Amino acid sequence: MSEFNLIRRYFTRATPNAVLGVGDDAALLSVRTGHELAISTDMLVSGTHFFPDANPFLLGHKTLAVNLSDLAAMGATPRWATLALSLPQIDEPWLAEFSRGFFALAEQHGVELVGGDTTRGALTLSVSILGEVPAGMALRREGAQIGDEIWLSGAVGAAALALAHLQGKLILSAEQFSVCAARLHQPQPRIALGQALRGIAHSAIDISDGLLADLGHILQRSGVGATLNFAALSQAILPLADPVAAHRQRCILAGGDDYELCFTAPVRHRAQLQEIGDKLGISMILIGKIDSKLGCRVLSAEGAIMNIEEHGYDHFA
Ligand code: ADP
Ligand code: MG
């Protein structure tokens with residue numbers, strides 16, 4: 001099969017919201033008036049981000065999901081995507097499943113694939129996602145203010161538990177693994193939540209490398225510090241039994257790959273945020289407060305500063 005037939009068969013769909021989609025030297029897009037274009041790129045590399053034999057349907061989902069998550073964290077509405085693929089060989093059953101997983105999630109969010117690139121090489125999947133956000137309304141990392149409350153959507157740590165199980169670092173029961181693996185392989189980007197947070201949250205980030213690492217980016221960009229309550233954070237892990245309890249702290253504080261949102265908002269929005277969570281069916285957990293003392297402290301249930309050794313994931317650390 002030629003490169004062009006491959007693109008036509010697996011990656012060409014109708015793109016009614018684009019001026020011009022796949023097939024020319026570039027796609028043509030027009031952004032609605034009063035909006036800014038939000039663009040983000042995320043790459044998944046075989047052996048680094050996924051196992052080489054990973055299920056291709058789930059990989060198609062995740063390749064797009066991690067990109068959608070970045071737009072969620074900006075409060076943007078995803079509209080278009082491009083897909084750069086490096087493939088070791090043409091494996092049609094693999095491509096059929098990968099594209100099915102990709103387009104299933106794309107359709108769910110109204111995203112059109114408008115272009116990309118296809119080459120031979122080590123398996124690498126790179127998406128650029130394009131979205132729109134009303135001018136001046138994007139959620140940035142730099143807006144956290146002293147006195148803001150720090151919130152977390154949904155649950156963290158489960159994806160890290162599934163990964164640890166796959167790596168043989170711990171053993172989950174079959175039931176635990178199925179719950180955690182769904183979080184690892186099929187993250188649900190918090191697009192609707194990101195949009196609902198526009199005009200309410202002062203800052204936001206999605207959690208891909210671990211809560212402390214990603215919250216750290218907000219703190220650094222905003223020039224502030226934070227104090228977290230571990231008791232509140234403990235509500236953020238899915239209810240799982242021992243022996244997982246021994247790994248609870250690490251998974252909550254440093255477990256990546258959950259793609260939840262961490263954001264800060266003034267105290268006066270507390271009730272409104274709970275309502276947004278109720279409406280979207282997402283638990284919203286108040287985990288701490290922004291303060292002027294730089295760095296991030298985690299308080300135990302007894303109020304003592306905990307000794308934290310966990311750090312998030314860094315590809316070059
Ligand atoms: P060029 O040689 O100009 O870079 P290509 O031959 O790489 O063009 O691509 C032809 C068309 O197919 C372009 O519109 C490009 O955006 C699109 N395309 C290539 N690979 C993919 C892909 N994996 N998914 C979607 N569109 C793709
Ligand atoms: Mg090309």
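On a predicted model such as this, the values are computed, not experimentally measured, just so you know. Both ligands and their constituent atoms are indexed starting at 1 by order of listing.
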Please determine if Gly23 has a nitrogen or oxygen closer than 3.5 Å to a nitrogen or oxygen of ligand 1.
yes
Row check, Tyr259 ring normal vs Arg190 NZ/CZ: under 6.0 Å, within 45°:
no
Identify, by atom number and element, the atoms of ligand 1 in contact range of Gly115, meaning under 4.0 Å from any of its heavy atoms.
16 (O), 24 (N), 25 (C), 26 (N), 27 (C)
Side chains of residues 272-288: which donor-acceptor partners sit under 3.5 Å, not counting sequence neighbours?
unit_1	atom_1	unit_2	atom_2	d
Gln272	OE1	His269	ND1	3.2

Out of Val22, Asp117, Asp24, who is nearest to atom 13 (C) of ligand 1 when you count heavy atoms only?
Asp24
Out of all atoms in ligand 1, which are within 4.0 Å of some heavy atom of Asp25? Include the element for each.
3 (O)
Numbered atoms and elements of ligand 1 in range of Thr118, under 4.0 angstrom, heavy atoms:
19 (C), 20 (N), 21 (C), 22 (C), 23 (N)
Arg297, CZ atom: more than 12 neighbouring heavy atoms under 6.0 Å
yes
Under 4.0 Å between a side-chain nitrogen and a carboxylate oxygen: does that hold for Arg120 and Glu3?
no
Taking the non-hydrogen atoms of Tyr10, is any one of them nearer than 4.0 angstrom to ligand 1?
no
Before signing off on this row, confirm whether Leu113 and ligand 1 have an N or O atom pair separated by under 3.5 Å.
no
With under 30° as parallel and over 60° as perpendicular, where do the rings of Phe11 and Phe103 fit, or are they tilted in between?
tilted
How would you list, by chain and number, every residue that makes a side chain to side chain contact (heavy atoms under 4.5 Å, CB included) with Ile90, sequence neighbours excluded?
Met1, Leu6, Glu92, Leu95
